[in-house]
Number of protein chains: 2
Amino acid sequence: MSTTAHKSTCSSCNLAELCLPIGLTAPEMQRLDELGIQKRSFLRSDYLYRSGDKFRSLFAINNGSFKTQVLHEDGREQVTGFQMTGEIIGLDAISTDVHACEAVAMESGMVCELPFNKLETLSRDIPSLQRHLHKIMSREIVRDQGIMLLLGSMRAEERLAAFLLNLSQRYATRGLSPTRFHLRMSRQEIGSYLGLKLETVSRAFSHFQEAGIIIVKVRAIEIINLADLKACINSSC
Amino acid sequence: MSTTAHKSTCSSCNLAELCLPIGLTAPEMQRLDELGIQKRSFLRSDYLYRSGDKFRSLFAINNGSFKTQVLHEDGREQVTGFQMTGEIIGLDAISTDVHACEAVAMESGMVCELPFNKLETLSRDIPSLQRHLHKIMSREIVRDQGIMLLLGSMRAEERLAAFLLNLSQRYATRGLSPTRFHLRMSRQEIGSYLGLKLETVSRAFSHFQEAGIIIVKVRAIEIINLADLKACINSSC
DNA sequence: AAAATGGTTTGATGTATGTCAAAATATATA
DNA sequence: TATATATTTTGACATACATCAAACCATTTT
């Protein structure tokens, strides 16, 4: 973890709302305190964990955003996801007790640290928590399958359209505008995520703009026509 | 599920060994019977489940092998994995209670059906089972990240090399030869998995053979030089 | 405010992989 | 065994994306 981040105990943090949105009873809510959840702040480009780090906790993003990436010996790196408020990261580490990827902050914010062995213990007592944990892990698997489909069988502009629509939908879920948002990541990072070079990403943005589908002002995106953007994914654009 | 598959109760199937290789005590083993596990046979090209099917069970492959694939509206399909003996499939469905992909048998064999709600209940009582279930799900996430790296940043021959090495390693784990094996999947299926066209896969096989790294007789593969094959992944081949 | 830095856009050109097609080979069916 | 069908291989050619390079723009530093 970054050296600068400061900690504070957080017995009544907005965890239940943000991180674990499940119907817990009042006494069950209290038991969440057993987790000894700590809230931590982080700054842009802080590492939340690195590949190879011993696994102790999952992290629920309170606010701010991360990218996760896997590294290859030869230096290649692949962005595997962009995570935002309310999402849980670190699931890959459960498998081997060691983090398989690294999480880098794209902007400053806060996380709740969820000690995993305590979470496991508690989820044996609270079935709805257990169920929720399973769903979160399964959702990650489904998300990954979607990325495989994207990387394995879509062309550049289809990938970018799918990416923008995914962001749009996630912003909407958070009560933010689904049509106007600010990208937290660079063209290079988008390219890594989508299996493209940054120039290709930039050209695809420009093309969407020329087609009147979106307006791009560097990182500020406005989607003019959501339907057209969706149509792009079906090859026709 | 395929109509032809026949069922049989399976209280003392080799589940603990094959599917859930964890250190259970004798009484815990007995409790696995509570799951009411059924063994089912399947034939080549049977569907174990289809996209959209209601989720009830995970499946542990007793013997035989499957491919899993996700479908896109426009008919595109992407193979997301090839599963063999001892592996568990269906994890993606936990998220929404509906199967997100489909599993098609590549050869006939047997599966153990593991009713998921019973598995959840039981895993609350048996911590080692709970832990194992979590590890299985997390392992799937790590596997998926590896495929993203492959699809997002490797070239055709690197992808095929990585694929062959993965198969080699999995056969070795099962006590089979890591250097001589028979592919259960077509060039087209390999191509879908690796984000390539079948012709490209075929050419990459031919090139490896010309380079003296492997011998290919259609689906029969012999790896002559594992080290060279590994070297291929680092761009140099 | 000027200079420096890092990210983005755009153009010209190269290349890995896709597409189309035909032959070769394997597998299934009669 | 002969015939039909599906899969694989190989070649010729097309194309989407990568690469290289320069200009542009935004942000930070001095």
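Here is the naming used below: chain letters follow the sequence lines, and residue numbers restart at 1 for every chain. Keep in mind that what you see is a predicted model, and the values were worked out from it rather than measured.
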Nearest-Å distance for atom pair [atom1]/[atom2], residues [X] and [N]:
X	N	atom1	atom2	answer
A/K217	C/dT9	NZ	P	13 Å
B/E158	C/dA16	CD	C1'	12 Å
A/L183	C/dG7	CG	C1'	13 Å
A/H207	C/dG11	NE2	C1'	17 Å
A/Q209	C/dT8	CD	P	15 Å

Electrostatic pair [X]-[Y], nearest N-O below 4.0 angstrom:
X	Y	result
A/R180	A/E222	yes
A/K135	A/E140	no
A/E87	A/R174	yes
B/E107	B/R44	no

Problem - Sequence-aligned protein contact record of nucleotides 13-24 of chain D, with B where the base is within under 4.0 Å of a protein heavy atom and S where only the sugar-phosphate is - result: ----SSBB----
Completion exercise
Each nucleotide of nucleotides 23-30 of chain C classed B (base within 4.0 Å of a protein heavy atom), S (only sugar-phosphate) or -, in 5' to 3' order, makes ---S----
Handout entry: Rounded distance [0.5 Å steps], CG in B/L160 versus CD1 in B/I233
Key =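 Separation between the atoms: 10.0 Å.
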Exercise for the section: Using atom types as modelled and distance alone, determine if a side-chain donor or acceptor of A/S138 lies under 3.5 Å from a backbone N or O of B/L91. Expected result: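 Yes; at least one donor-acceptor contact below 3.5 Å.
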Practice task
Would you check if the side chain of B/R187 reaches a backbone N or O of B/V218 as a donor-acceptor pair within less than 3.5 Å?
Solution key: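 Indeed, once roles are kept as given, a pair shorter than 3.5 Å links the two residues.
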Report all side-chain donor-acceptor pairs from residues 96-106 of chain A shorter than 3.5 Å, counting only partners two or more places apart or in another chain.
from: A/T96; atom 1: OG1; to: A/V98; atom 2: N; distance (Å): 3.4
from: A/T96; atom 1: OG1; to: A/V98; atom 2: O; distance (Å): 3.1
from: A/E102; atom 1: OE2; to: A/Q69; atom 2: NE2; distance (Å): 2.9

Problem - Neighbours of DNA chain C within residues 184-194 of chain A, by heavy-atom distance under 4.0 Å - result: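 Close to the strand are A/S186, A/R187.
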Exercise for the section: Evaluate the salt bridge (charged side-chain N to carboxylate O under 4.0 Å, His left out) criterion for residues B/R76 and A/E158: first the C-alpha distance (whole Å), next the side-chain angles of each, then the deciding distance (0.1 Å), finally the verdict. Expected result: CA-CA 13 Å; B/R76 268 182 292 202; A/E158 297 181 294; 2.9 Å; yes
Handout entry: Exercise: do B/Q83 and B/S65 side chains pair donor with acceptor under 3.5 Å
Key =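 No.
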Problem - Any pair counted as ring pair (Phe, Tyr, Trp, His ring centres under 6.0 Å), so long as it reaches residues 198-228 of chain B, sequence neighbours left out - result: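 Listed once each, the pairs would be none.
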Handout entry: Crowding at NZ, A/K217 (>12 non-hydrogen neighbours, <6.0 Å)
Key =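 Result for NZ/A/K217: open.
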Practice task
For the helix from C/dA1-D/dT30 to C/dA30-D/dT1, figure out the bend between the end axes, five pairs an end, and round to 10 degrees.
Solution key: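 About 50°, once rounded to a multiple of 10°.
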Exercise for the section: Compare side-chain N and O positions of B/S202 against OP1 and OP2 of D/dT10 and report whether any pair is under 4.0 Å apart. Expected result: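 For D/dT10, neither OP1 nor OP2 has a side-chain N or O of B/S202 closer than 4.0 Å.
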Handout entry: Test of ring centre spacing under 6.0 Å for A/F42 and A/F66
Key =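 Ring-ring flag for A/F42/A/F66: true, centres closer than 6.0 Å.
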